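Worksheet for the structure shown next.
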Protein chains: 2
Amino acid sequence: MRHPAGCPVLETTLSLCPIGDGLRGEGAPDRKDRLARACRQVGHLSTRRRRQRQERVTLEDVALAANVSSITVSRALRNPEKVTPELRDRILRHVAEMGYVPDFAARALASRTSGMIGVLSPSLANYAFISVMRGIEDRVGMTDLRIQYANTGFEPDEQVKQLRLFLSQNPVGLIVVSGVESPQLLDILAQAPCPIVQALDIASAPIGMAIGIDNRIASETATRHLIERGYRRIALFSGGPAIHAYPRLAGYRAVMEEAGLFDPALVVQHQGHSSVSLGGHLIDRLFRQAPDADAAFCLCDDVALGAIFECQRRGIRVPEDFGICGYHDLDFASVSVPTITTVRVPRYDIGFRAADKLLRAVAGGKTVSSVVDVGFQLVERETTARRSER
Amino acid sequence: MRHPAGCPVLETTLSLCPIGDGLRGEGAPDRKDRLARACRQVGHLSTRRRRQRQERVTLEDVALAANVSSITVSRALRNPEKVTPELRDRILRHVAEMGYVPDFAARALASRTSGMIGVLSPSLANYAFISVMRGIEDRVGMTDLRIQYANTGFEPDEQVKQLRLFLSQNPVGLIVVSGVESPQLLDILAQAPCPIVQALDIASAPIGMAIGIDNRIASETATRHLIERGYRRIALFSGGPAIHAYPRLAGYRAVMEEAGLFDPALVVQHQGHSSVSLGGHLIDRLFRQAPDADAAFCLCDDVALGAIFECQRRGIRVPEDFGICGYHDLDFASVSVPTITTVRVPRYDIGFRAADKLLRAVAGGKTVSSVVDVGFQLVERETTARRSER
DNA sequence: CTGTTAGCGCCTTCAA
DNA sequence: TTGAAGGCGCTAACAG
């Protein structure tokens with residue numbers, strides 16, 4: 001069934017508009033009056049000439065209207081306690097009336113602080129990262145600082161590019177969600193003129209501060225759990241670039257090798273975002289490469305869920321015929337049928353505390369290198385709940 | 001199983017650091033040399049005094065080193081074609097060598113354009129919005145413009161606050177994902193000095209341009225579909241504030257009333273983000289309020305999935321005993337067991353085209369009011385696939 | 001408590 | 001093609 005509106009096509013050309021095209025506003029009508037008044041004032045002559053076809057109300061405009069100096073308006077806005085209450089009220093009235101909006105660029109330039117925290121994360125399309133960001137947001141929301149997000153889609157080049165953009169904005173601090181892999185990125189981070197906190201992964205080489213869990217150990221624990229449950233031909237399902245999953249891959253491999261069970265045919269990877277549908281595809285690939293596989297350790301719960309669905313479709317019983325272990329303990333892992341055994345990572349907490357660490361470093365003016373392991377938890381649920389056959 | 005790191009507690013106080021605390025960097029060692037050289041130059045005396053304990057490399061620093069004026073360096077960087085190739089190379093070498101990083105605040109102030117596009121979205125924790133943002137990102141990525149995100153958690157106050165923050169940054173344009181409800185927000189938007197595109201919903205009053213689907217009609221279509229399949233006691237499951245879901249509620253209600261089937265006990269709402277686990281809770285509430293309910297129209301697929309799980313757990317057969325229709329056609333809807341009937345919304349496309357519209361308006365310098373309906377599609381799958389009993 | 005002065009780093013404008 | 005002068009809007013530092 002198609003909605004009557006049909007299926008419009010993109011308008012033809014996609015002009016790649018550079019910065020700064022066609023942005024000039026048109027003149028504000030009531031500006032002349034204020035300018036006239038300005039001329040009657042002393043010491044504000046410079047105001048006269050500028051703004052021909054501009055519209056923005058400036059501090060000085062408000063100051064003129066309120067018959068004070070611009071710095072007083074500034075103070076009334078930012079340090080109310082430093083201005084007489086009546087004066088302040090009068091000024092604030094004018095501010096509201098004239099619709100004054102502060103200009104952050106000017107403020108940043110003059111005060112030499114942007115009041116901005118940059119958050120670099122690999123992907124928005126994953127609840128695992130989003131929880132971390134919620135934690136960050138909640139902590140930063142308690143301050144006057146602003147957050148600026150950038151997501152890099154797991155691509156090293158994009159990481160570097162986004163980081164450059166951040167640095168151009170003089171961030172007060174930086175949070176890098178997930179591990180830092182590219183050496184170039186590490187280089188830039190090391191030279192960054194602000195504190196940096198790495199959140200989520202502490203296994204990769206940290207710059208400055210880090211808070212999260214040791215994904216390698218978590219991965220070892222999960223793999224070991226599958227072995228203890230009697231599974232032998234345990235596959236690894238991974239979405240996203242290998243480099244991002246590296247610590248977890250290493251943990252899986254170490255345990256499998258130790259047990260004499262490692263087989264490259266069991267490692268099924270996919271470049272690209274993890275998703276539920278990916279889980280099904282990986283099951284398909286797995287059974288072609290290794291028809292005797294009897295379990296899968298999925299590096300994200302959504303892949304695990306997709307694997308469950310595909311098993312149901314093929315008549316493979318979970319956990320009896322095939323065990324599944326996920327990662328992250330996403331919302332649905334505890335309510336799906338069957339419920340998903342997974343590695344619980346306190347993501348919100350990590351975000352909150354990462355922001356907290358950062359804010360302390362910003363306030364203290366010093367970056368003390370430190371690594372905090374918040375710990376994980378293996379949550380055993382139905383997808384691996386078969387009697388041990390060991 | 002607990003990871004040995006244990007469960008550390010948040011460090012005691014959470015100082016609410018205001019903007020600008022403790023940010024001064026320490027002196028750069030090689031600065032003296034450059035300053036000395038500077039003194040030998042003419043016309044740059046002003047450079048001497050400033051920067052006592054500062055570190056940032058400025059255009060002028062590079063200019064000094066390259067023996068040109070700062071404006072030439074600026075040009076070499078931003079309009080390479082306006083500078084002799086050799087000179088340009090020499091300058092760029094110095095730039096790289098000295099690690100010059102442009103200062104966006106200064107650029108924005110001087111050029112009167114921020115080069116930034118603001119994207120206001122209700123929630124990051126929902127794949128529906130994230131797809132839209134991916135579309136936006138891909139289109140904007142073709143330009144030099146930057147994106148700044150803000151999410152408002154569905155709260156009107158937060159929307160206004162975030163919007164103010166945007167306006168303080170002189171955005172080149174604004175994209176508002178999802179409908180605009182609060183009149184205050186509408187007010188501010190109406191006065192914004194830049195083009196605005198509203199994406200995803202075109203049913204609510206548009207300011208400027210809008211692109212998306214008519215959620216009310218989509219909702220009507222879905223409800224009608226359930227009726228056609230023979231369901232009668234059709235519930236509505238909604239996450240998020242009622243105001244956000246309003247067009248869809250209205251569509252559902254209109255069709256149900258028309259059919260003489262409407263019953264308030266069938267409407268189950270929850271303030272808060274939708275999620276898979278929410279679906280289960282809503283099923284629970286529904287069967288308490290209306291034990292004879294035989295279907296649910298869920299305003300998001302994740303709620304629908306949660307409803308499926310809960311039905312499985314209770315031995316309720318879907319679609320035979322209970323029909324389920326979702327919304328958004330998220331990734332998993334086509335692979336779950338059973339697959340989910342849902343309303344497909346071309347979210348990525350909407351994002352991409354919203355950005356495209358915005359960029360055109362920015363380039364053209366004019367905002368032509370326009371509303372584009374991209375249309376939706378009802379995708380019939382297993383959760384409603386029972387023989388019609390009508 | 002309020003005002004004056006002098007930039008912040010870059011870019012626009014105009015001149016050479 | 002390059003440079004000099006000046007200003008963007010705001011705030012730090014110091015006066016009064």
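Because the structure is a prediction, the values reported are computed rather than measured. Numbered from 1 within each chain, the chains take letters A, B, ... in sequence-line order.
The CZ atom of A:R78 sits 12 Å away from the C1' atom of D:dA12 (whole-angstrom rounding). For the pair B:E60 CD and C:dC8 C1', the interatomic distance rounds to 12 Å; values are reported in whole Å. The CZ atom of A:R112 sits 8 Å away from the P atom of D:dA13 (whole-angstrom rounding). Summarising the geometry, the separation between CG on A:L109 and P on C:dA6 is reported as 18 Å, rounded to the nearest angstrom. Regarding A:Q169, its CD atom lies at a distance of 17 Å from the C1' atom of C:dC8, rounded to whole Å. Following rounding to the nearest Å, B:N67 (CG) and D:dG3 (P) show an atom-to-atom distance of 9 Å. The distance from atom CG of B:L59 to atom P of D:dG6 is 20 Å, rounded to the nearest whole Å. Taking atom NZ of B:K82 as the reference point, atom P of C:dT13 lies 10 Å away to the nearest angstrom.
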### Task
Could you give me the CA-CA distance, side-chain angles and deciding distance for A:M116 and A:F166, then say whether side chain to side chain contact (heavy atoms under 4.5 Å, CB included) is met?
CA-CA 9 Å; A:M116 182 217 86; A:F166 274 153; 4.1 Å; yes
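Across D:dT2, C:dG3, C:dT2, the shortest atom-to-atom separation from the side chain of A:L87 is found for C:dT2. With D:dA12, C:dC10, C:dG3 as the candidates, the nucleotide lying closest to the side chain of B:Y100 is C:dC10. Of the candidates C:dG7, D:dT2, C:dC10, the closest approach to any side-chain atom of B:A110 belongs to C:dC10.
Mapped onto DNA chain C by nearest heavy atom, A:V83 and B:D103 fall at different nucleotides, with A:V83 at the one closer to the 5' end.
A:R56 contributes a side-chain N or O that, together with a main-chain N or O of A:P102, makes up a donor-acceptor pair within less than 3.5 Å.
Looking at B:Y149 and A:I147, their side chains never come closer than 4.5 Å, going by heavy atoms from C-beta outward.
Within 3.5 Å, a donor on the side chain of A:R75 pairs with an acceptor on the base of C:dG3, or the reverse.
A close approach under 4.0 Å does not occur between any side-chain nitrogen or oxygen of B:S111 and OP1 or OP2 of C:dC10. Contact between the side-chain N/O atoms of B:R107 and the OP1/OP2 oxygens of C:dC11 is found at a separation under 4.0 Å. OP1 or OP2 of D:dT2 has at least one side-chain nitrogen or oxygen of B:T84 nearer than 4.0 Å. Close to C:dG9, at under 4.0 Å from its OP1 or OP2, lies no side-chain N or O of B:T58. Neither OP1 nor OP2 of C:dC1 sits under 4.0 Å from any side-chain N or O of A:T72.
If you check every strand for non-hydrogen atoms under 4.0 Å, A:I71 touches a base. Contact annotation for A:E86: no contact, since no heavy-atom pair falls under 4.0 Å across all strands. Among the protein residues, B:F104 comes within range of no part of the nucleic acid, since none of its heavy atoms lies under 4.0 Å from any strand.
In this model, a donor atom of one side chain and an acceptor atom of the other lie less than 3.5 Å apart for B:R146 and A:Q169.
The two residues A:A150 and A:Q162 come nearest to each other via the heavy atoms CB-OE1, 3.5 Å.
For B:R360 and B:D356, the salt-bridge test passes: some basic side-chain N is under 4.0 Å from an acidic carboxylate O.
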